[in-house]
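Please read the structure below before turning to the comments.
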Amino acid sequence: MDSILGWPLHWYLAKLNLEPIAKAGLDDEPTFYPIQPPSKDKFTSDDKNILDIEWQRKFLEDNTMSSPHYHSILDYHKAFMSSEHVTPEELVDRIQKKIEESETYDPPLRCFTQLNWQLAKQAAAESTIRYQNNCPLSVLDGVPIGIKDELNIKGFRTNCGRKKDMPVNEEDCATVAALRSLGVVIIGVTNMHEMGMGITGINPNKGTARNPHNDQHVTGGSSSGSAAAVSSGIVPFALGTDGGGSVRIPTSFCGMQGMKPTFGRVNASNTSLDTSTVTSIGVIANNVADVALVMNLMFIKASDQRFFNPGCFNPVRSLSDKPFSELKFGTNTEYVSYCHKEIQSVFETIVKPKLSKIVEIEFRELYMSKIAHMNIILSETSQNQQVWRDHYDTLTYQTKIIFSTCKRLALDHYMQSSAQKTRAIRMFKSIFEEVDLIITPTTACLPKRINPNSLTVGELDEENVLKTMWFVYLANFCGLPAMSINAGYTPSGLPVGLMLTAPWWREDLLISAAKHLETELKKPSRFYCPDSQKMA
């Protein structure tokens, strides 16, 4: 295999420079799953109200930022509750037309790679009956969603962005089953970077999902289709997965709001992520309140019993009771200075003036943690996905090179990388003794312009990978919750993301701060929000 790939493999190995971690000689105990015990005194145990539809409605009414362009979960729920407005069945018909319209343009939006209108319309019909009988299952009942091509959905294939079609799933994974039990209408499977092995979202196999703000620039990846589907207005929220920024990067590039929760919060069983120590299931939405509510419901309905007992404490329930003006935000000026000048400008002139307390913090473990994270994610992807070996010949050249790199990683790489994880966790514990949240841009670069040649063969651009992942990987490496929200736009109209990182299990701090920093979103040039006629 290596002889076939030749010099590109050796070039890629040299660019990654993964060897220093194997020679580091760390004597720290290795940390595999980055689980930290929750602080029970910060939480209550009353979770039942989250499942109460009146509580859900009140939460959204109190916290949803209304938009002149996008429809929120609350907008859809109110419309469904009124017989004079749209029904879930009518909405699915409108969405079908919008998706068909989005595929007629050059280039096509291509945010979905699998659609099953029979299943979607059946679910919508059942939801319509529940609303007619005044007994919706939740505020999510009838709400259309997209789900990344990495999570098992009954009636669909889990292809992970590959050319080769896998068998149709006979059951949902735990998270999808939880949302289905709340009444959501699954529109289809969203596009992704092949096997999750990239951060651009470029996919020669299924077609590349396009950034609604500028379709000549990347969406970011690997949850590219989920971000494009939400940013274009087709659905109000979508599921993605995040092992190295794969929710937060496309969230930033497409101008949306998205969260990666604490590792172990959300059940990843019956997915390709089941044994990953860095990847979490996350949510992308067009407003902070919708991210918060969906995450709340997943924390309760799809918690991972291997890592914590959700009855011990309440996941979020409401926003943090700590006033925004009292929150201490940690950042590192030198770290942020690596960003593109237009990102720095947004961060310095728009974001920082909103913060009352900013503390300069030190990141002591950056270089080795970057290498260690790359070692772990490549090792685990290689070991966990036997399917890539079975269909190696169908993979793109880019993915073949990356998986060939995985073959060269030894046990020493993994064990030393896990010891480095221990050191990085220790660093964050020290930082969070000084601050409540860490605040940085989401990425150090803007969404790059698409090279037309990459649309057919893919690409390896390690300099762009480094800049794109500059801030995001540490939350995956250490299992921390992190959220990207839109912070503004460049003069050319490209979105700029802001990232908040909180201590383990403190998603309430993320949501509370994000709510205060949330800004009105601009309407993208590629916009397919279902007709607002007859909407509440």
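What's counted below: heavy atoms across the whole structure, side chains too, no hydrogens, waters or symmetry copies. Throughout, residue positions are numbered sequentially from 1 according to the sequence presented.
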Nearest atoms (heavy-atom pairs only) where Val472 meets Gly244: CG2-O, 3.4 Å
Do Lys370 and Tyr473 form a cation-pi contact, if we require the NZ or CZ to be under 6.0 Å from the six-membered ring centre and within 45 degrees of the ring's axis? no
Are Asn205 and Glu194 close enough that a side-chain donor and a side-chain acceptor fall under 3.5 Å? yes
Kindly give the heavy-atom pair with the smallest separation between Ala475 and Ala482, and that separation in Å. CB-CB, 3.9 Å
Roughly how far, to the nearest 0.5 Å, is the CG atom of Leu151 from the OG atom of Ser226? 8.5 Å
For Glu365 and Gln420, does a side-chain donor sit closer than 3.5 Å to a side-chain acceptor? yes
Side chain of Arg506, backbone of Pro503: donor and acceptor closer than 3.5 Å? no
Taking all non-hydrogen atoms of both residues, which atom of Ile73 and which atom of Phe237 are closest, and how far apart? CD1-CD2, 3.8 Å
Nearest-0.5 Å distance, OG1 of residue Thr175 to CD1 of residue Ile147: 9.0 Å
Sidechain-backbone polar pair: Arg210 side chain, Thr219 backbone, donor-acceptor under 3.5 Å: no
Return yes if some donor-acceptor pair links the side-chain N/O of Thr456 with the main-chain N/O of Asn453 below 3.5 Å, else return no. yes
Contacts of Phe527 meeting ring pair (Phe, Tyr, Trp, His ring centres under 6.0 Å) (sequence neighbours excluded), chain-then-number -> Tyr70
In chain order, what residues pass the side chain to side chain contact (heavy atoms under 4.5 Å, CB included) check against Glu342, with sequence neighbours excluded? His340, Leu446, Thr490, Pro491
Would Thr440 and Asn332 satisfy side chain to side chain contact (heavy atoms under 4.5 Å, CB included), going step by step from the backbone distance to the final call? CA-CA 8 Å; Thr440 64; Asn332 182 283; over 6 Å; no
Among Thr443, Thr442, Asn476, whose side chain to side chain donor-acceptor pair (under 3.5 Å) with Arg248 holds? Asn476
With sequence neighbours excluded, tell me which residues meet salt bridge (charged side-chain N to carboxylate O under 4.0 Å, His left out) with Arg426. Asp28
What's the shortest heavy-atom distance between Arg157 and Val189, and which atoms? O-CG2, 4.4 Å
Derivation and outcome, side chain to side chain donor-acceptor pair (under 3.5 Å), residues Thr277 and Glu380: CA-CA 8 Å; Thr277 66; Glu380 291 179 350; 2.6 Å; yes
All heavy atoms of Pro250 vs all of Ser224, minimum pair found to be CB-CA, 4.5 Å
Going from CD1 on Ile343 to NZ on Lys467, what distance comes out if it is rounded to the nearest 0.5 angstrom? 10.0 Å
May I ask you to check whether over 12 heavy atoms, not counting those of Lys448, lie within 6.0 Å of atom NZ? yes
Check the pair Thr31, Ser418 against side chain to side chain contact (heavy atoms under 4.5 Å, CB included), reporting the backbone distance first and the verdict last. CA-CA 5 Å; Thr31 296; Ser418 299; 5.7 Å; no
I need the single residue from Ile281, Ile186, Asn152 that forms a side chain to side chain contact (heavy atoms under 4.5 Å, CB included) with Val176. Which is it? Ile186
In plain terms, say whether Asp215 and Arg526 are close enough for a salt bridge, that is, a side-chain N and a carboxylate O under 4.0 Å apart. yes
Please name the pair of heavy atoms, one in Pro212 and one in Ser525, separated by the smallest distance, quoted to 0.1 Å. O-OG, 3.0 Å
Distance-only, no hydrogens or angles: does the Ser246 side chain make a donor-acceptor pair with backbone N or O of Ser222 under 3.5 Å? yes
Between Lys148 and Thr190, is there a side-chain donor-acceptor contact under 3.5 Å, judged purely by atom types and distance? no
Lys421 side-chain N/O to Ala372 backbone N/O, donor-acceptor pair under 3.5 Å: no
Steps toward side chain to side chain contact (heavy atoms under 4.5 Å, CB included) verdict (Glu459, Thr200): CA-CA 9 Å; Glu459 66 177 11; Thr200 61; 3.7 Å; yes
How far does CE of Met483 sit from CG of Leu437, to the nearest 0.5 angstrom? 11.5 Å
To the nearest 0.5 Å, how far apart are CD1 in Ile485 and CD1 in Ile511? 12.0 Å
Would Glu507 and Thr262 count as having a side-chain donor-acceptor pair, cut-off 3.5 Å? yes
Run the numbers on Tyr105 and Tyr528 for side chain to side chain contact (heavy atoms under 4.5 Å, CB included), then give the verdict. CA-CA 12 Å; Tyr105 287 84; Tyr528 302 97; 3.7 Å; yes
All side chain to side chain contact (heavy atoms under 4.5 Å, CB included) counterparts of Ile439, not counting sequence neighbours: Phe329, Thr331, Phe347, Val351, Leu355, Leu498, Leu500, Leu517
Checking Gln398 side chain against Met197 main chain: does a donor-acceptor pair fall under 3.5 Å? yes
Looking only at atom types and distance, does a side-chain atom of Asn169 sit under 3.5 Å from a main-chain N or O of Phe156, one as donor and one as acceptor? yes
State plainly whether the residues Lys206 and Asp165 are in salt-bridge range, i.e. N to O under 4.0 Å. yes
Distance-only side-chain donor-acceptor flag, Asn191 / Asp149, under 3.5 Å: no
Pairing residues for Tyr489 by the ring pair (Phe, Tyr, Trp, His ring centres under 6.0 Å) criterion, not counting sequence neighbours: His213
For Asn214, side chain to side chain contact (heavy atoms under 4.5 Å, CB included) partners two or more places apart: Gln216, His217, Leu494
Under a plain distance cut-off of 3.5 Å, with no hydrogens placed, do Glu29 and Thr422 share a side-chain donor-acceptor pair? no
Taking the inter-plane angle between the rings of Tyr335 and Trp470 on a 0 to 90° scale, is it parallel (under 30°), tilted (30 to 60°) or perpendicular (over 60°)? tilted
If we ignore angles and hydrogens, is there a donor and acceptor under 3.5 Å between the side chains of Gln344 and Ser337? no
Is the side chain of Gln257 donor-acceptor paired with the backbone N or O of Asn287 at a distance under 3.5 Å, no angle test? no
Can you tell me how far OG of Ser369 sits from CZ of Phe363, rounded to the nearest 0.5 angstrom? 11.0 Å
Where the side chain of Thr279 meets the backbone of Thr241, is there a donor-acceptor pair that is under 3.5 Å apart? no
In terms of side-chain heavy atoms, does Ser484 have a donor or acceptor partner in Thr251 at a distance below 3.5 Å? no
What class does the angle between the rings of Phe32 and Tyr414 fall in, given that below 30° is parallel, 30 to 60° is tilted and above 60° is perpendicular? parallel
Going by atom types only, do Thr399 and Thr396 share a side-chain donor-acceptor pair under 3.5 Å? yes
Is the side chain of Glu170 donor-acceptor paired with the backbone N or O of Lys154 at a distance under 3.5 Å, no angle test? no
What residue among Leu239, Leu297, Val294, Leu179 forms side chain to side chain contact (heavy atoms under 4.5 Å, CB included) with Val184? Leu179
Look at Arg110 together with Glu103 and state whether they make a salt bridge at an N to O cut-off of under 4.0 Å. yes
